[in-house]
S.K.: 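One structure coming up, written as structure tokens, with questions to follow.
Heads up: numbering here begins at 1 and tracks the sequence. A quick note: this is a predicted structure, and the numbers were derived from the prediction, not measured.
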Amino acid sequence: TNELIGKTFTINDVRKVNGMHGDTYIGDLTLDGVPVEAWLGGSVVFRQLTALVEADELPRENVTIVRDADQWGEPFVLQDA
């Protein structure tokens, strides 16, 4: 997730996996025109991705990940770029 901070990408699809710290998502992304697979971690990102999956809103273009300094712990957050 850290490697994606501030970069613009497309979330083509995600799959839920049981990781070391519980459920998380692995995303099939397009970054700079190249398909990549990335862990999309963080509790806020998990809730955001769950909502996108449930609303059938994938793929999602022009997304970035930031750290929200206004929230305790500065969680990762998905934003439209």
Side-chain angles (χ1 to χ4, degrees):
T1 305
N2 266 332
E3 293 79 18
L4 296 172
I5 291 176
K7 296 181 180 176
T8 300
F9 53 91
T10 297
I11 303 171
N12 300 306
D13 199 10
V14 295
R15 67 184 180 282
K16 192 186 301 186
V17 297
N18 190 342
M20 187 180 346
H21 302 290
D23 285 344
T24 190
Y25 282 102
I26 296 178
D28 293 319
L29 314 177
T30 303
L31 177 64
D32 297 327
V34 178
V36 296
E37 189 174 79
W39 289 90
L40 299 171
S43 60
V44 174
V45 170
F46 184 85
R47 290 191 305 269
Q48 291 176 297
L49 288 171
T50 298
L52 289 171
V53 168
E54 289 175 354
D56 197 27
E57 292 186 7
L58 295 178
R60 181 75 170 228
E61 296 181 343
N62 298 316
V63 177
T64 190
I65 289 183
V66 298
R67 302 291 308 238
D68 187 348
D70 293 333
Q71 291 190 43
W72 182 85
E74 295 186 17
F76 294 109
V77 177
L78 291 173
Q79 291 184 343
D80 290 325

S.K.: Applying side-chain hydrogen bond (donor to acceptor under 3.5 Å, both in side chains), name anything that partners T30, two or more places apart in sequence or on another chain.
M.R.: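 Testing T30 for side-chain hydrogen bond (donor to acceptor under 3.5 Å, both in side chains), a comparison that skips the adjacent residues, returns N12.
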S.K.: What's the shortest heavy-atom distance between T10 and P59, and which atoms?
M.R.: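 That would be CG2-CB, 4.4 Å.
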S.K.: Only counting residues at least two apart or in another chain, list the ones meeting side-chain hydrogen bond (donor to acceptor under 3.5 Å, both in side chains) with N62.
M.R.: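 side-chain hydrogen bond (donor to acceptor under 3.5 Å, both in side chains) list for N62, sorted by chain: empty.
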S.K.: Please lay out, stage by stage, how L4 and L29 fare under the test side chain to side chain contact (heavy atoms under 4.5 Å, CB included).
M.R.: CA-CA 11 Å; L4 296 172; L29 314 177; 3.8 Å; yes
S.K.: Grouping I, L, V, M, F, W and Y whenever their side-chain heavy atoms are under 4.5 Å apart, do V63 and F46 come out in a common cluster?
M.R.: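 Shared cluster, yes.
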S.K.: Should V44 and I65 be counted in the same cluster of Ile, Leu, Val, Met, Phe, Trp and Tyr side chains packed under 4.5 Å apart?
M.R.: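 They do not share one cluster, since no chain of ILVMFWY contacts under 4.5 Å joins V44 to I65.
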S.K.: Keeping to residues at least two apart or across chains, list the salt bridge (Lys or Arg N to Asp or Glu O under 4.0 Å) pairs with something in residues 67-81.
M.R.: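 Passing the test, one end in residues 67-81: R60-D80.
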S.K.: Side chains of F76 and I5: does their closest heavy-atom pair fall under 4.5 Å?
M.R.: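 F76 reaches I5 side chain to side chain.
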S.K.: What residue pairs, at least two apart or across chains, pass salt bridge (Lys or Arg N to Asp or Glu O under 4.0 Å) with a residue in residues 43-53?
M.R.: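 Every pair satisfying salt bridge (Lys or Arg N to Asp or Glu O under 4.0 Å) with a residue in residues 43-53: there are none.
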S.K.: Taking a hydrophobic cluster as the set of Ile, Leu, Val, Met, Phe, Trp and Tyr residues connected by side-chain heavy atoms closer than 4.5 Å, whether directly or through intermediates, do L31 and L78 fall within one such cluster?
M.R.: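 Yes: a chain of side-chain contacts under 4.5 Å links L31 to L78.
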S.K.: Would a 4.5 Å heavy-atom cut-off, applied to side chains only, mark V45 and Y25 as touching?
M.R.: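 Not in contact.
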S.K.: So for atom CD, which belongs to E57, do other residues, nucleotides or ligands contribute more than 12 heavy atoms lying within a distance under 6.0 Å?
M.R.: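 It does: E57 CD has more than 12 such atoms within range.
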S.K.: What heavy-atom pair brings T64 and K7 nearest, and what distance separates the two atoms?
M.R.: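 T64 and K7 have their closest heavy atoms at OG1-O, 2.9 Å.
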S.K.: List in chain and number order the residues that pass side chain to side chain contact (heavy atoms under 4.5 Å, CB included) with T24, two or more places apart in sequence or in another chain; answer none if no residue qualifies.
M.R.: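 For T24 the side chain to side chain contact (heavy atoms under 4.5 Å, CB included) partners, ignoring immediate neighbours, are V17, W39.
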S.K.: Please report the interatomic distance NZ(K16) to CG(L49), rounded to the nearest 0.5 Å.
M.R.: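 Taking NZ in K16 and CG in L49, the distance rounds to 10.5 Å.
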S.K.: With a 4.5 Å cut-off on side-chain heavy atoms, are L52 and V14 touching?
M.R.: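 Side-chain contact under 4.5 Å: no.
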S.K.: In Å and rounded to the nearest 0.5 Å, what is the CG to CD distance from D13 to E37?
M.R.: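 Between D13 CG and E37 CD, I get 10.5 Å after rounding to 0.5 Å.
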S.K.: So, using side-chain hydrogen bond (donor to acceptor under 3.5 Å, both in side chains) as the criterion, who are the partners of T8 when residues are at least two apart?
M.R.: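 Expected list: none.
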S.K.: If you group Ile, Leu, Val, Met, Phe, Trp and Tyr by side-chain heavy-atom gaps below 4.5 Å, do F9 and L58 land in one group?
M.R.: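 Same cluster.
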